[in-house]
Peer 1: 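What follows is a structure written as structure tokens; I'll ask about it next.
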Amino acid sequence: MQSESGTSVRVRFAPSPTGYPHLGNIRTALFNWLFARHHDGKFILRIEDTDITRKVEGAVEVILDSLQWLGLDWDEGPYFQSQRLAIYRETVHKLLKEGHAYLCYCSPERLETMRHEQAKQKQPPKYDRHCRDLAQEERTRLESSGATPVVRFRTPLEGETTFHDLVYGLVTFRHDTLDDFVLLKSDGYPTYHLANVIDDHVMTISHVLRAEEWLSSTPRHVLLYQALNWQAPQFGHLPMILGPDRAKLSKRHGSTNINEYQKEGYLPDAMVNFLALLGWSLDDRTEVLSREELIKQFSLERVGKTAAVFNKDKLEWMNGFYLRKLNLGEYVQQAMPFLNRDLPGFVKRPLDEAYVGEVLSLIKERAKTLAEIPQLASFFFLDEIQYDPGLLLGKKLDAQAAAKAITVASRQLQEVEIWDATTLEGNVRPLAGELNLGTGELFGLLRIVVTGRTAAPPLFQTIAVLGKKKCLERFDAALRLLPA
RNA sequence: GCCCCCAUCGUCUAGAGGCCUAGGACAUCAGCCUUUCAAGCUGAAGAUCAGGGGUCCGAAUCCCCUUGGGGGCACCA
């Protein structure tokens, strides 16, 4: 498909490896990906590693893994800005030559005291343009002093810049509220402003879809495009995702890195569906959309402007929903790594896949995340279960009555030949009357005996899966736990 | 302090002047189902559409102001 300007759609996701990607970063990636796929365009991955001091080891790998995990495949890249320094320098020379940029020798110390002064006088912190029009002798003096300059953009002093944002509409900034921002740092690396403009141009990016936090630096970028005589891409800023405290997502918000969600057992499809609904909607009722539907339906027109607080409860619900939709085979595949990871070490590995399948068919409806599964299913795998013996007692059930019920039930079970839920229930249910107990009471007691828990899958299905031997052992164990 | 953006149930949102006595989803509560827990189904509660002015026959929807929230203002991205 062609965009309005007649060129094909090319979008990029351009994270910086200064940390692990969080929900907000990934939502941006997702929207770019959906936009590209919808328009049959290209999704390009670019690593903005121009700050060597903040680089986090392993971050690039985590970024790539996260995208792969979610199925957000890219068509080009990853490109690394740190390997493209020559391109930036060349462009800076051009800007310098044409008077759109200038060398600035101000020391970090001077800049800091300047800002300090400005703050004291309640002035907006802005570079005072000290080096903007240096006299020639002053320049030579500074050059010979050995100070390494930075390159700054010569921002127009008057006028204003207006651009049309695909999400927010017309946005205008007066030039006198901008300052002469740095293009090239003294270490020779470009700043974000420079590098992203150059790369977006060189890579013929058609649409820049990024978080709203970039809205206020967009006029700088527009000005740069103009100075370079390049056509700017279309900009579309995406509403922010906020933490529960309504502040920009950060490390302070705990589990916000996307790889945490993988570890917690969320499914990529659920994650994608949920994230898509943060800032975008199809209509007034559709909540569940497959990847294909999302691609087909996604449009910038339906992206909202309001920042969204992300709601983990809803994510959990959606994940549970996707989990329940899985067929048993898929479910086993998904759950197996989590069982291996979280079941106690003394449980024999490898786990028997057929047995795991039977177990999971019982807990499938009960898990909201894959990480809950080992916990929900642990009693199926342990030889001995631990629980508070007090659970065996009830209102009408003292130790003696409980012991009797357990003994009777145990004896009855020993007789059962066909070990399936229906047969088991047919044999055990009548015992309630004989023991003068309510069925709920008896079943509740047996549930504790067999699972050690008050909440578990249906009793007879559980007994069926557990097997005769293990069940009878648990009946004996319960008897031993009961006070004499 | 300055600049920019935003403003509908607790949260995510629908709503592009009359269909709104504001719809859906999550969460909450209740009922049904039921041997427990889930799931499922049904229902309830929950938003004077931030407040105030306009415009209009008519405003959640358009304009202005106020307030609130967010973002930006680095040799970070």
Side-chain angles (χ1 to χ4, degrees), chain A residues 14-19 48-51 53-54 104 106-108 111-112 115 118-127 148-152 165 167-169 171-174 176-179 181-187 189 191-193 195-196 211-219 237 239-240 242 244 246-248 274 277-288 301-302 304-318 320-321 324 363-368 376 425 428-429 432 438-448 451 453-460:
Chain A
S16 73
T18 51
E48 311 228 317
D49 53 349
T50 54
D51 187 347
T53 62
R54 292 203 312 152
C104 168
C106 293
S107 67
L111 294 175
E112 201 180 315
R115 267 182 229 113
Q118 288 166 337
K120 218 162 71 180
Q121 290 175 228
K122 309 235 180 213
Q123 294 295 309
K126 281 187 348 189
Y127 176 57
T148 333
V150 300
V151 178
R152 287 182 184 272
D165 188 272
V167 173
Y168 288 94
V171 185
T172 301
F173 288 81
R174 281 174 32 206
D176 59 17
T177 64
L178 271 27
D179 71 350
F181 55 98
V182 173
L183 297 171
L184 200 67
K185 301 182 257 183
S186 56
D187 62 5
Y189 280 74
T191 60
Y192 170 83
H193 302 302
N196 106 85
E212 198 233 73
E213 55 186 321
W214 294 109
L215 195 59
S216 28
S217 37
T218 305
H237 289 87
M240 306 276 293
L242 274 20
R246 305 208 117 266
K248 186 176 168 180
F274 174 78
L277 259 20
L278 238 38
W280 176 86
S281 64
L282 175 60
D283 55 29
D284 62 339
R285 52 195 65 252
T286 312
E287 304 283 341
V288 177
E301 290 74 63
R302 294 204 60 83
K305 298 182 183 36
T306 4
V309 173
F310 112 96
N311 176 201
K312 197 166 181 179
D313 279 339
K314 188 161 180 176
L315 204 214
E316 273 186 18
W317 162 78
M318 189 166 278
F321 185 88
R324 275 173 251 126
I363 68 140
K364 192 170 180 288
E365 304 289 303
R366 292 168 174 76
K368 287 204 181 76
L376 286 170
E425 182 166 357
V428 174
R429 190 178 276 277
T439 45
E441 231 168 345
L442 206 223
F443 291 2
L445 170 65
L446 300 184
R447 180 172 300 110
I448 300 291
T451 69
R453 304 179 185 193
T454 52
L459 181 60
F460 298 105

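Each chain gets a letter, A, B and so on, in the order its sequence line appears, and its residues count up from 1.
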Peer 1: Would you mind reporting whether Arg302(A) and Ser281(A) have side-chain heavy atoms less than 4.5 Å apart?
Peer 2: yes
Peer 1: Expressed in whole Å, how much space separates the P atoms belonging to rC5(B) and rC49(B)?
Peer 2: 25 Å
Peer 1: Could you please name the partner base of rA25(B), counting Watson-Crick and G-U wobble pairs only when both distances are under 3.5 Å?
Peer 2: rU11(B)
Peer 1: Who is the Watson-Crick or G-U wobble partner of rC32(B), with both distances under 3.5 Å?
Peer 2: rG40(B)
Peer 1: Please list residues of residues 211-218 of chain A whose heavy atoms come under 4.0 Å from any atom in RNA chain B, ordered by number; otherwise none.
Peer 2: Glu212(A), Glu213(A), Trp214(A), Leu215(A), Ser216(A)
Peer 1: Within this structure, what is the CZ-NZ distance for the pair Phe321(A) and Lys368(A), rounded to the nearest 0.5 Å?
Peer 2: 14.5 Å
Peer 1: Between His237(A) and Val167(A), is there a side-chain heavy-atom distance shorter than 4.5 Å?
Peer 2: no
Peer 1: Looking only at atom C1', what distance separates rG15(B) and rC75(B), rounded to whole Å?
Peer 2: 47 Å
Peer 1: Shortest non-hydrogen contact from Glu213(A) to Lys248(A)?
Peer 2: OE1-NZ, 2.6 Å
Peer 1: Please give the distance between the C1' atoms of rG46(B) and rG40(B) as a whole number of Å.
Peer 2: 24 Å
Peer 1: With both distances kept under 3.5 Å, what pairs with rA50(B), Watson-Crick or G-U wobble?
Peer 2: rU66(B)
Peer 1: Taking a pair as Watson-Crick or G-U wobble with both distances under 3.5 Å, which nucleotide is matched to rC73(B)?
Peer 2: rG1(B)
Peer 1: Testing the basics here: between Val309(A) and Pro244(A), what is the closest heavy-atom pair and its distance to 0.1 Å?
Peer 2: CG1-CA, 3.9 Å
Peer 1: Would you check if Pro239(A) and Thr306(A) make a side-chain contact, meaning some heavy-atom pair closer than 4.5 Å?
Peer 2: no
Peer 1: What do you reckon, are the aromatic ring centroids of Phe181(A) and Tyr127(A) less than 6.0 Å apart?
Peer 2: no
Peer 1: For rU55(B), give the paired nucleotide (Watson-Crick: N1-N3 plus N6-O4 or O6-N4; G-U: N1-O2 and O6-N3; both under 3.5 Å), or none.
Peer 2: none
Peer 1: At 4.0 Å (heavy atoms only), tell me whether Ser186(A) reaches a base, stays on the sugar-phosphate, or touches nothing.
Peer 2: base
Peer 1: Would you compute the distance between atom OG1 of Thr191(A) and atom CD of Glu48(A) and round it to the nearest 0.5 angstrom?
Peer 2: 10.5 Å
Peer 1: Could you work out the separation of rA59(B) and rG70(B) based on their C1' atoms and round it to a whole Å?
Peer 2: 26 Å
Peer 1: Check every nucleotide of RNA chain B for an atom under 4.0 Å from a heavy-atom of chain A, then give the first and the last such nucleotide from 5' to 3'.
Peer 2: rG1(B) to rA77(B)
Peer 1: Passes side-chain contact (heavy atoms from CB on, under 4.5 Å), Thr218(A) versus Val171(A)? Steps please.
Peer 2: CA-CA 10 Å; Thr218(A) 305; Val171(A) 185; over 6 Å; no
Peer 1: Quantified in whole Å, what is the P atom distance between nucleotide rA14(B) and nucleotide rG24(B)?
Peer 2: 15 Å
Peer 1: Which value, in whole Å, describes the distance between the P atoms of nucleotides rU66(B) and rA27(B)?
Peer 2: 41 Å
Peer 1: Write down the distance separating the P atoms in rA74(B) and rU67(B), rounded off to the nearest Å.
Peer 2: 26 Å
Peer 1: Counting the atoms with a prime plus P, OP1 and OP2 as sugar-phosphate, which does Thr454(A) contact under 4.0 Å by heavy atoms, base, sugar-phosphate, or nothing?
Peer 2: base
Peer 1: Write down the distance separating the C1' atoms in rC73(B) and rC9(B), rounded off to the nearest Å.
Peer 2: 36 Å
Peer 1: Need to verify one output field. Residue with the more 5' nearest nucleotide on RNA chain B, Trp317(A) or Phe321(A)?
Peer 2: Trp317(A)
Peer 1: Is there side-chain contact between Glu365(A) and Arg324(A), with heavy atoms separated by less than 4.5 Å?
Peer 2: yes
Peer 1: Which residue lies toward the 5' end of RNA chain B, Arg246(A) or Pro108(A), if each is placed at its nearest nucleotide?
Peer 2: Arg246(A)
